[in-house]
Every structure is written in C-alpha cells, then in structure tokens.
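In what follows, a single structure is set out as structure tokens and then discussed.
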Amino acid sequence: MIPFAVRVPAGPGGVSPAGHKGLTTHKPATFMLIEAPAARLPERAGRLPFLQPFAAALMDLKLSDDDRIGGTGKRSKSAKRGTAKKNTRSQKAETRKKSTSRRAFGRSKAKKPLTFWRGVWALFYWGMVIVMWVGIGVAGIVAYYALQLPSSDSWAVPERPANIRIVAANGQLISNRGKMGGEAVALHELPEYVPAAFVAIEDRRFFQHFGLDPIGILGAMRINISQGRMPLSGNGGSTITQQVAKNLFLTPDQTIGRKIQEAVLAVWLEQTYSKQEILELYINRMYFGAGAYGIEAAAQRYFGKSARNLSLGEAAILAGVLKAPSALSPDTHPDAAAERARLVLRAMADEGYISDAEADAAAIDPNKRIRTRVAGAEYYVADWVESLMNSYIGDVNQDVIVTTTIDWNLQKEAEFAVREVVGQNGEERHFSQGALVSMTTDGAVKAIVGGVDYSDSQYNRAVTARRQPGSSFKPFVYLAGLEAGLTPDTKVLDAPFDIDGWAPKNYNDRYAGEVTLRTGLAYSLNTVAGRLILSVGPEKVIEIAHRLGISTQIDPVPSIALGTAGVSLLELTGAYTPFANGGVGVIPHVITRIETAEGQVLYQNIPAGPGQVIAPQYVGMMNDMLSEAVEIGTGKAAKLPGWQVAGKTGTTQENRDAVFVGYSARLVTGVWVGNDDNSPMSGVGGGSFPAEIWTMYMQKAHEGLTPAALPNVDFVPGQNPANDNGQQQQTSQQQGDRPRTLVDLINQLFGNQ
C-alpha cells in the first residue's frame, strides 16, 4: 500500500481530465498497485474500456513535495483559501461525474448470450407465471359462479317424484304414472350387466375419478377441435356424476356458468355419496324418451317388462338411448338403436364386463326389427286413473299401488274388437275412430278403449269426449212415459208433426201410423219419441237421465228426445246399468284399492250409489222393449247366443256418430264409432259396426258364464228367437211374399238403423 496525494494539471481550456478547471484536489488517497505501476494502466484500459479516463489522467500525473504527506513546502493563506474553494468545487464535480459514469456503465453492460438451457429456464419461468395467473383467474370465475349457488349446507338430492303403479284386478301391470313414469329400483335388484352397460358407454373411468374426468375432458376437446368446433362445443366429456348433478340441480342451459356449477356439484356429490349411490341415482333419474324417467319406466315402456328382467341386448339398447332419446328410440328409430346397442356391447367387452362372444350373441340382428311393447288401449285406463288420484287421496307424495277393476283379458279383447272392425271397414266407410266401455252390473269398469291407437292419439273418446248419443238416449224418454202411466203396449201415432217449428222426421221419411211404444222403441221411430217428450216434458226426461247416471248438463228442449245433447260414452253406459241390475243406480268406478309401497291402505272401495232409481215394474217393461229392439229392431246385429240381451242403437244426423249400448244380466257395454273432426260417415249407423264390435267383445266376455235372464222379464234359454245362434225372424219381403204382420211391415219400412 503506498499513500500519496494526487495533483492533476488542467487540460486544454483549463479543464482537468476529471472535468475540473485548474488543479484537482490534493486530498490524500490510498491505492493498491498490482503487478504494474501507473504506466501499465493504458494496457489494462485497452482490455477494460471504463479505465481509459483514469489512465489518461495518471499519464500526466506530477507530484510535488507539497503534495506528499508530511511535505515541507509552504503556501500563503490566500493560496490555501483558493485551493480550498477549488477543492470544494472539484468534489462536487467529481460526485456528478461518478453518477454519470454509473449510468453510462449500466447502459453499456453486455447482454449474456442465449443458450438452450437459458431458453428452457425462461420458458419454464414465464410458463409458471402464466399458469399462476390463469389459475387465479379460473379460481375467481369458479368462485363467482359457485357463490351463485345456494349455501352448501342446504344442498340435498331432491326426493324422487312419486310413482303411481296401476295394476289390473289380477295384479297385471297396466302402466306406471306420475312425473317419472316408473318406480325406482335398487342396483342389487338388477342383473350386473345392466349398470355395467351404462358405465361402459357413458363413463368408463367412473369408479376412478373424483367427479370430474380430466382425461375425458381433454379427449372431448380433442374430438371437438378435430371436427371443426370450438374446444368446449359439442362433446363435453361429462361424467355420470356431472350428469346427475345437472339433472338434479341445474337447468339444461349450455353455458360456461352452468358447466362450472355442474362441476362444483359433481365434486360435492362424490364427497357426499358413494359410487353405488350415485350410479343408482343416475339410472333412476335419467330420461329415456317416451315419457319414461328411470330404467324401470323405460323397460316397461319399451319392452313391457321390469328392468329386473332385462336381457343383455335390451340393457345395451337402453344404455344407448341416453345419448339422444328421440333419435335412438327403439320404437321410432330401431336401426339407429340397434347400431348404438352394438357400440355399447363392444364397449362392455373392451372394459371386460362381458366377453366378445357374449357381445356378439347379444347384438341385434340388423335384418330384424327390435321387438318393443306397443302402447295398448290399457294406457287410456292408466291416464283416466291418474286423473282421478287427487280426488281419491289428494296430492300423491309417495309411491302408491292402485288396484283397478280392469279385467286384463277383457281389456285386450275389447281393444282387438275395436281395432279389427275399424281397420277393416273404416277407410271404405269413412270413419277412423272407435271407443268402448264395459262394466259389470254394479258399475265396476272391466274394459275401456279410448281410441284405435293410443300411440297415435291419447285423447280418450270413451271418458273425455262428449258426442251426441242419437237414439240411444230414447230409453230415458220412454221410461218417463212409463212412469207417467203408459205401458209398452200403449199406442202412439207415428206421423209427421210440427210444434213451434220443431218437426222431427223418421229415418228415410217413412211412417207406420199408430204403433205401440214397444214397436216405436224397437224401430227407433223419431216421431213417437217426439210425441212422448212433448207429453211428459223435457224436464222430466232430464230428471230421469240424471237419476240414472247422466252427469252432463242438458238443456230442457224437446230435441233431446232424439239425442242432441252431448254425453260421454262412459256415463251413457253407466245410465243403462240400472236396466241390467233391477233398477239400482251405479257410479261407474275403476279403482278398488290404493296402498303405499309398504302396504298401508290409503283407499278402499266401498260399494255405494244412489240406490233404487227405477221401480222394478218399470225395469221389466224397459227390458221387454229393449230386448225387442235387439230381437227384431235396429239392434238385431247384436247377437249373444244363449243369452237374453237388450240394447239400443243411436245414429246422429248425417251419420256423424254411431252408437250401440247393450247389456246382459252380467255386463253392460257401450260402443261408439265416428271421426274426431265430426265428419260424416258413409252409411254407418248404430246397428252396423258398433253392434258388430259389441257382439265380438260380448261373446268373448261371456264364454264360460251361465246364461241368465234380464231382471223382471220371463225368459227361457234356447226358446227366445234372438238366441237361436243369432238367427232373426226373416221378413216376408226376404221370403218373396207380401208383409203378413205389423212387424214384417215395419221391418220393410225402416230396415236397420
């Protein structure tokens, strides 16, 4: 270490190399000289550019004795003061110079060359920064939409809507009703391959993920991009848990907010419920199309069996339906459903649930149509029962079983008869619909057909429709006449008349003159019914109709004698029942018992009704006249060998409606045919196709039953002309002779109406 003082002479213009005028400071300083004196600094400055200013200054360095520490030289006071002032200015300038030099040094610092590892580090660093900020942003978005959900303390799986299981009198399932269309089933009740089919095709990593499947989401995004869509459009990679969350808690809106909430709820479900419970929720809540929610409803709807009895192929079909219930329905798109089922079976084999041989064996043959259940007429019954539930037990808030009065075999016979006759004759005779109601003499409904094809139209023409009954309303008019003191043998004039503009006419404008009430009813003479209602009054006829079971409001006008007031086939058939049971009024009913799934009885039918509504003697008279209508009158096409039967036809103006209501001592059945748009039919009357349907059904319904006479009417089986294998007395005109009796004459005049 060599202590010395520095005295720098001024450069050109009186400025020192350090930027000062005159001499610089003589302040003592200490330097470490390494390897070389000041003379070697230029060499170093060449290598270190920032030393060049210092090297130049040292080259001109000259020292005097006064500059040395402890020097002996003397100076005047004024010189010392001048030197001090200059020294102060020099220190300030030096300070500014150092600051400037630092800035210049910073700008001139050389950048380090970019290497591979420096690039990798930079990418990693900035990638982590980006990921961190993206994570913060995503977390904020998730928190925003999650906060819009109710408090997690209130989250709970909604109760499954109650199911109404409707069964026939023998326990045969008719249908399930309610919002879900079927009851819930437990996983352990199903064959193992049923839930496996859903897992294989919908969420093969179901038992491994935590509610979300990142691998599935990335795969779905890849598929979307490859198909030219946005990453989050189209395939969403949703897990079974996410689908449960969406269906239980959220709307079907396809928005980012909804998807985020779905993910949050899916994670919550996984934390709250076991995998088995989530899968059970899934198969019991998902929509399978055709109004079926849950696998039991779908199995009943498509295959007419319980999900507990599904085959492997049927399970694959139902698992495939979920992707697009309308486009993959085995009912409407069997080819697409079969192709999707084969995909499900292949997925099951790939996941090890079944073998390749089992998958091939269960695959649907492309050349064969999938056999599915046809929506039968019993669905009309189910709809009717469902509509009655509130009046029987109030709101249905738990699963119930409803036992009905329906006889399953008779229900199918009725459905066949209606379809057969309408299908064979409807197109030619211009009618497209038919309906049937059949009940026992105590009002228990045994069969109802509300239309030709339930899958085509769910409108119930037996219960809901109000159509004109035509002449089938006339028995109430004739009963009013009997109660007014007339008898079946009372004679009434059959001739045109006009009362205040009302002028009823007979069919074909033919008249027989003076006839008995029995003949007038048997041949459905309009003028006879018109004179009767004018005699007893419309109010009396309405009172009797309501007493016997007609519930529709009817205006008291004379034209009701010809059946101009619209009534339902159900109430019309019920109003005929007192004729068949001895005069006791009935309330048509279809429900006998309602109980919970645990067996608690909520309702039990107790026989009840209005009691005796027709005096016994009038019951006998009406049965005498109405059996005549079947034996020789307009209803003679209704045949029931070995049984005494009675009934009445009805045909409205321009043949828009055709009705026949007939009965034995066991059953009362009403039939209607026509068109929903009320268009005319071609020559179709109540004595034609309605009577034919009635006969087809009643013959099946009475097989094995012991014949019985109608109440209060003398009857000997086998001796009644109406029961000799349905052969009626032939008219003299058919034999080529002239009419010999009044009956022959009337048959010739009026024929079959």
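Any value given below was found using the heavy atoms of this structure, including those in side chains, with hydrogens, waters and symmetry copies removed. These figures come from a predicted structure and were not determined experimentally.
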Working to the nearest 0.5 angstrom, can you tell me the gap between [X] [atom1] and [Y] [atom2]?
X      : Y      : atom1 : atom2 : result
Arg510 : Tyr523 : CZ    : OH    : 13.5 Å
Glu386 : Ile164 : CD    : CD1   : 5.0 Å
Trp643 : Thr706 : CH2   : OG1   : 7.0 Å
His546 : Phe476 : NE2   : CZ    : 10.0 Å
Thr519 : Met625 : OG1   : CE    : 10.5 Å
Leu626 : Leu710 : CG    : CG    : 9.0 Å

My understanding is that only residues two or more places apart in sequence, or in another chain, count here; which of them pass ring-ring contact (aromatic ring centres under 6.0 Å, His included) with [X]?
X      : value
Trp694 : Phe660
Tyr478 : none
Tyr603 : Tyr392

Kindly indicate whether the side chain of [X], heavy atoms from C-beta on, has any atom under 4.5 Å from the side chain of [Y].
X      : Y      : answer
Ser432 : Val452 : no
Val449 : Arg461 : no
Asp383 : Asn460 : no
Lys648 : Ser524 : yes
Gln653 : Gln468 : no
Met439 : Thr573 : yes
Val684 : His430 : no
Lys305 : Glu314 : yes

Using residues 165-172 as the side-chain source, report each donor-acceptor pair under 3.5 Å to any protein atom, sequence neighbours left out, with the distance given to one decimal.
unit_1	atom_1	unit_2	atom_2	d
Arg165	NH1	Glu183	OE2	3.3
Asn170	OD1	Gln172	N	3.1

Of all heavy-atom pairs between [X] and [Y], which one has the smallest distance, and what is that distance?
X      : Y      : result
Val630 : Gly647 : CG2-N, 3.4 Å
Gly685 : Thr651 : CA-OG1, 3.3 Å
Val421 : Phe431 : O-CZ, 4.4 Å
Leu572 : Ile550 : CA-CD1, 3.9 Å
Pro711 : Gly582 : CG-N, 3.5 Å
Ala299 : Leu310 : CB-CD2, 3.9 Å

Sub-3.5 Å donor-acceptor pair from the side chain of [X] to the main-chain atoms of [Y], do we have one?
X      : Y      : answer
Asn605 : Arg593 : no
Asn176 : Ala297 : no
Ser471 : Lys474 : no

Answer yes or no: are there more than 12 heavy-atom neighbours, outside Lys412 itself, under 6.0 Å from its atom NZ? yes
With salt bridge (Lys or Arg N to Asp or Glu O under 4.0 Å) as the rule and sequence neighbours excluded, what pairs involving residues 420-441 come up? none
Taking only residues two or more places apart in sequence, or in another chain, which ones meet [X] in a side chain to side chain contact (heavy atoms under 4.5 Å, CB included)?
X      : value
Ala298 : Phe288, Ala292, Tyr302, Leu318
Gln699 : Leu640, Pro641, Thr695
Thr405 : Ala444, Val445, His589, Val590, Thr592

Return yes if a side-chain donor-acceptor contact under 3.5 Å exists between [X] and [Y], otherwise no.
X      : Y      : answer
Asp442 : Thr440 : yes
Gln300 : Glu296 : yes
Asn506 : Asp494 : yes

Where do Ser455 and Tyr379 land on the side chain to side chain contact (heavy atoms under 4.5 Å, CB included) test, with the steps shown first? CA-CA 9 Å; Ser455 61; Tyr379 279 42; over 6 Å; no
Got a sec, which residues hit salt bridge (Lys or Arg N to Asp or Glu O under 4.0 Å) with [X], two or more places apart in sequence or on another chain?
X      : answer
Glu571 : Arg466
Asp624 : Arg518
Arg547 : Glu483, Glu543

Mind telling me whether Tyr454 and Tyr380 have parallel, tilted or perpendicular rings, with 30° and 60° as the class edges? perpendicular
Full working for side chain to side chain contact (heavy atoms under 4.5 Å, CB included) between Asn163 and Met180: CA-CA 7 Å; Asn163 179 66; Met180 305 302 287; 5.6 Å; no
List the steps, then state whether side-chain hydrogen bond (donor to acceptor under 3.5 Å, both in side chains) holds for Ser329 with Asp331. CA-CA 5 Å; Ser329 168; Asp331 272 351; 4.8 Å; no
Evaluate side chain to side chain contact (heavy atoms under 4.5 Å, CB included) for Val385 paired with Ile174, printing each intermediate quantity in order. CA-CA 11 Å; Val385 170; Ile174 293 176; over 6 Å; no
Go through the steps for Val400 and Met389 under the test side chain to side chain contact (heavy atoms under 4.5 Å, CB included), then give the verdict. CA-CA 10 Å; Val400 295; Met389 293 301 295; 4.1 Å; yes
Which pairs, with at least one residue in residues 655-674 and sequence neighbours excluded, count as a side-chain hydrogen bond (donor to acceptor under 3.5 Å, both in side chains)? Ser438-Thr669, Arg467-Asp657, Asn623-Tyr663, Thr652-Asp657, Glu654-Arg656, Asp657-Trp672, Ser664-His702
